Amino acid sequence: MTSERFSGTAPLLVGIMPKQHPEVLQTAANLAARLGTPLVCAFVDEASYLVEWDPARSAHRLSLHPDADDEDIRTLTAELKSDIQSAVDQVPPGSGKVDWTLRTLAGDPARALGRLAAEANVPMIIVGTSERGFSHRLSEALNGSVGAWLTHHQSKPVLVVPYRMPAHEDRP
């Protein structure tokens, strides 16, 4: 992991979440290595909301669950960093070193990723497809698809990474 300020090339932006299929991070890490560009991994905490946005400084957020927020976010951040490092470690030798950083954002995932993409002037945003299952479909119906929103409201290219397992093989 490196600092947020990368030298030279603009980073790729990948939206991540806990227990996400590993294809998203692996694809982003491999692409970053091949392009020789850093990777900004962004987790959006939907249980928080943005109270102030200042790209020159940082986003200030308030939690909807302030008592549990600090410990929960530390644990979650540690898990996400481990997932990112694992994906970076799987980049084939000779592809190049991948510098990365993790950002935790607040609010609506699609809009938060869009704001970060604009702030960091990234050349591409990478997200995964929706999880399968009723609860994920219901959530998408109510909140909308992050990938779909980004493709309709961004001037940056959006890479939507599908899960490699065909739907008919996706049963436990």
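As a basis for the values below, the full set of heavy atoms in this structure was taken, side chains included, without hydrogen atoms, waters or symmetry mates. Predicted model only: the values in this text are computed from it and were never measured.
Between Gln26 and His21 the shortest side-chain heavy-atom distance does not fall below 4.5 Å. Contact of the Val40 side chain with the Val122 side chain is not registered, since no non-hydrogen atoms from C-beta on lie closer than 4.5 Å. Side-chain contact check for Pro38 versus Thr101: every heavy-atom pair is 4.5 Å or farther apart. Between Leu25 and Cys41 the shortest side-chain heavy-atom distance falls below 4.5 Å. Between Val127 and Val14, every side-chain heavy-atom pair lies at or beyond the 4.5 Å cut-off. In this structure, the side chains of Phe43 and Leu105 stay at 4.5 Å or more apart for every pair of heavy atoms. In this structure, the side chains of Ile16 and Leu80 come closer than 4.5 Å at one or more pairs of heavy atoms. Side-chain contact between Leu159 and Val161 is present, with at least one heavy-atom pair separated by less than 4.5 Å.
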Criterion side chain to side chain contact (heavy atoms under 4.5 Å, CB included) on Met124 and Leu31, from CA distance to verdict: CA-CA 11 Å; Met124 180 185 295; Leu31 187 58; 3.8 Å; yes
Pair Asn121-Lys156, side chain to side chain contact (heavy atoms under 4.5 Å, CB included): steps then yes or no: CA-CA 9 Å; Asn121 196 27; Lys156 309 288 184 186; 2.7 Å; yes
Asp83 and Lys81: CA distance, side-chain angles, deciding distance, salt bridge (Lys or Arg N to Asp or Glu O under 4.0 Å) verdict: CA-CA 5 Å; Asp83 292 345; Lys81 286 179 180 179; over 6 Å; no
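At distances below 3.5 Å, at least one donor-acceptor pair connects side-chain atoms of Gln20 with backbone N or O atoms of Met17. Judged purely by atom type and a 3.5 angstrom limit, Thr104 has no side-chain atom pairing as donor or acceptor with the backbone of Asp45.
Between Gly15 and Val24 the shortest heavy-atom distance is O-CG1, 4.0 Å. The two residues Ala87 and Ala29 come nearest to each other via the heavy atoms O-CB, 3.9 Å. The shortest heavy-atom contact between Ala33 and Gly96 is CB-O, 3.9 Å. When every heavy atom of Ala42 is checked against every heavy atom of Leu113, the shortest pair comes out as CB-CD2, 3.6 Å. A pairwise comparison of heavy atoms in Ala106 and Ala112 identifies O-CB, 3.8 Å as the closest pair.
Atom CG of Leu116 sits about 8.5 Å away from atom CD1 of Ile125, to the nearest 0.5 Å. Summarising the geometry, atom CG belonging to Asn30 is positioned 11.5 Å from atom CD belonging to Glu23; distances are rounded to the nearest 0.5 Å. In this structure, CD in Glu79 is found 12.0 Å from CD1 in Ile84, a value given to the nearest 0.5 Å.
None of Val98, Thr9, Leu12 except one satisfies the side chain to side chain contact (heavy atoms under 4.5 Å, CB included) rule with Leu35; the exception is Leu12.
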